[in-house]
Amino acid sequence: MNKYILIFFLIISSLKGFGQNNSGTPYSAYGIGLLPENAGVFTAMGGVTVAMRNNFNINYYNPASYTALDSNRWHFQIGINGENVHIADIRESTNYKVAQNTAISMAFRIRPKLFASFGFIQRSDIGYDITYQDITPGTQSQQFLQHVRGEGGINEAYIGIAWKHKDLSLGLNASYLFGKIEKRQTLSLPLNNSYYIKTSDKSSLSSVLFNMGAQYNHKINNKSSVLFGATLNFNTPMRAQRTYTSYKVGSGSSTIIDNDNIDRGLINYPFRAVIGLDYKYKNKWSFAGDYTFQNMKKYKEYGENQDFNDYHKVALGTSLCPDNRGRYGWQRITYMAGAYATRSHIELSGNKINSYGITLGGKIPFTSRTRPQELLLGIALDMGIRGTKNDGLIQEKYAKVRITIAFKEAWFVKRKIY
Amino acid sequence: MRGNIVLLVMLIVICACNNNLTTIGQDMVDNGSVIELKKYSIDKISTIKQDSFPTSTGSSVSALSEVFIGQLNDEKYSGRTVVIPTFQICPSSYPHISNYATLDSVTFNLGYSGKIWGDTANLEVQSLKLCQLKELPILDEEKDHKISYNNHEIPEINRVLSTLNFIPRTGNLTDLYFKLDNDVFGKELFNKLMYADDDILAHLPWDFINYFKGLCIIPGDNNNFIMGLNTASDKTYMKFYYRINETQHTFTLPITQKEYQYYNITNTPIESLNSLTKQTKEVSYYDNNNIVIAQGMSGYMIKIILPYPETYEKYKTIVKAELELKPRIYYDDKIGAPSTLIAYRGDNENQIKGYLYNSKSSQVVGYLNYNQFDISASTYTFDLTEYYQGLSNLVPAQNGNEIEVLLSVPSMNSSYDRAIIDRIPILKIYYAYYNK
């Protein structure tokens, strides 16, 4: 009974995570929003993904990793980020808190050597709220106010399969990308009897995205091995329907100015590739690294290139599990650390918006000799810096906590009756 | 179980996360959306003069509660304005005066309405003449309700009944009266009332009016004030004081017959406005020493030509439009600046086509923003936002056309207030480009 209560809470909390305004950074105003720089089950190792696999966590970033899961277990996993950000420009600073990058996934074996997984992930987040004021052109000192807000992002529902042959695993995630991006604006002039303008620019997106992955394990000797991994998705045009509405609001009256149903267009989700490796020693140590590239220069919205840069990320991480069958709990914990650096697609006033972070964390197993379920709690702390204060831009110093909870249940094991 | 509790606590912590998305970073806003002010100097501005405006209510509604009297010479701006009221008096009921009554005196009392223009601090002795008309005014039967206008002539004068000399200071205006001759005029009229002369009393009021013909009050040539008279029956009236057996009695003749109650106004303009002989004529700002004026009673209005808004563009709209006029105001001006100016639609012959409206119920009015610390910075501001929004939506666009607007003091016929505009007005239109 307890497991059902717990699953209920997990689902509720994850849905709440999906429903939140999932960001707070003005940097999420560009394109499809802020791409998750460090999320997933290996967040504590700098967010390495493609060469990672184990028999407990569903590594949905590389579908080839599903083959590492237990063949006679039903795997359930949920992850969510809690983020506290100190945001500052050269004049002022503030803080915001958000919950984001929610992921729910399940996995199981369907045939010998053939595994499947499905779930929901957040691909990108938009959430900003900025008030801008400036001198009205043509006046000496009259200011106008512009309040811009953005909400939404892209979610992903995926179904993945993975197949293993000897040391090679291949996987494919077929994802349905969907989401809404709404950019709202209020433009006002603080004068008596003046009107103000409210606009809403909504885009509804949907598309199917295929993400392919491969992992190859090479045993070096009895104590060490290295695992190579790679994933990629091709440039994928997402169908988008854009509506634009504007209102003129006066004292006690509101008039629609524009109500445009702009024809369907396309927004590109550009080519993305990740390569990496994971070196394991004595089944205790792990040293992993990833390089991510996304061809954001090709990113277009409704046929217009948005002049982004390509996205690059390098992540390094290590982990140590003293004894995964140890007598004491601390022996069975996996201790993890890592670092990452990204060069994002955004460049403003000649400043590339980069981010850097260090990570710490661990995985704590909860097992019972008398019960069939096993549980793994992953806790990761990610502390980093994004952006710059140069040229009126902002710098964010963030501390994220990612919690990942993984279950596996022996649902496919028939009870033996003695 | 302990593990499950730990997990639940952590989940609750996550769910309780407080999103405060208000962030800084305004310099990052790629503000293609802006509000921009475009200023237009309205140099097509001139003074016009109304040919006529009503100075009576005719037979349509209740009588004027106020008429005006006086003469004011405004040498610098509007010239000489002379206002002469005329009206009828009549017994309000059949008189029952004892044949033993003895007339003591006759007065004509003036009720001050509270309005006066002129230098009340330095005025010298002024004079008013109360005159009896020789004929009844001839009403224009073709005018709606026989309304009289400011240019309606006063009939010929039969005789001057009395002259009043006084200093029109606001403190002593509440007790003004003419003392009439009671030996000839007074006795003659009093006897007809006392002996109930059927020739003048059989059919009131017309027998009396046809006999008496009416009164007018003419200002003296050296006068320099204009004031309002309250025409209520207990404020302005002729009064007979008589005795019966040493007992004092009075009998009054109040003002009656509203259609015969009007005032004539004549204005002799200053030299630079001499050409305003018809309403179609105008004197530009530049031809009148960089001045235009709007003034009540004298008939002056300001004509301005406003531009049409810019051509309609997608994602561009007007959020504010206002017209700003800077008046010349003196601290000790004997003629005040009105607190509001009214805007009318005009045509190319300077005819008034109706009020200028922002919306169906919102009349365009210019409000005086009086700056007591720097009166030269005072302005009249007209909010034209909705009016211009409506124009910008017209299809096809009216670019190049012009909008004729006439500005007037709020009550042309009951105020001598004057707005002197001595700088070129500015039309300010704020355009919002909300999706550049």
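Every chain is numbered from 1, with letters handed out A, B, ... down the list of sequences.
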Minimum heavy-atom separation for B:Y380 to B:G366, with atom names? CD2-O, 4.0 Å
Among A:N192, A:L189, A:L191, A:L348, which has the most heavy-atom pairs under 4.5 Å with chain B? A:L189
At a heavy-atom separation under 4.5 Å, does A:T199 approach chain B through its side chain, its backbone, both, or neither? side chain
Part of A:I197 within contact of chain B (heavy atom distance under 4.5 Å): side chain
Is the shortest side-chain N to carboxylate O distance from A:R242 to A:E301 below 4.0 Å? no
Cut-off 4.5 Å, heavy atoms of chain B, and the answer for A:Y244 is side chain
Taking 4.0 angstrom as the limit, do B:E404 and B:K353 come out as a salt bridge? no
Heavy-atom cut-off 4.5 Å, strictly under: side chain, backbone, both or neither for A:S188 against chain B? backbone
Region of A:D260 that comes under 4.5 Å of a non-hydrogen atom in chain B: side chain
Students often mix this up, so state it plainly: with edges at 30° and 60°, are the rings of B:Y431 and B:Y433 parallel, tilted or perpendicular? tilted
Has B:Y434 got a side-chain atom pairing as donor or acceptor with B:T317's backbone, closer than 3.5 angstrom? no
Side chain / backbone / both / neither for B:K428 at chain A, heavy atoms under 4.5 Å: neither
OH of A:Y247: more than 12 outside heavy atoms within 6.0 angstrom? no
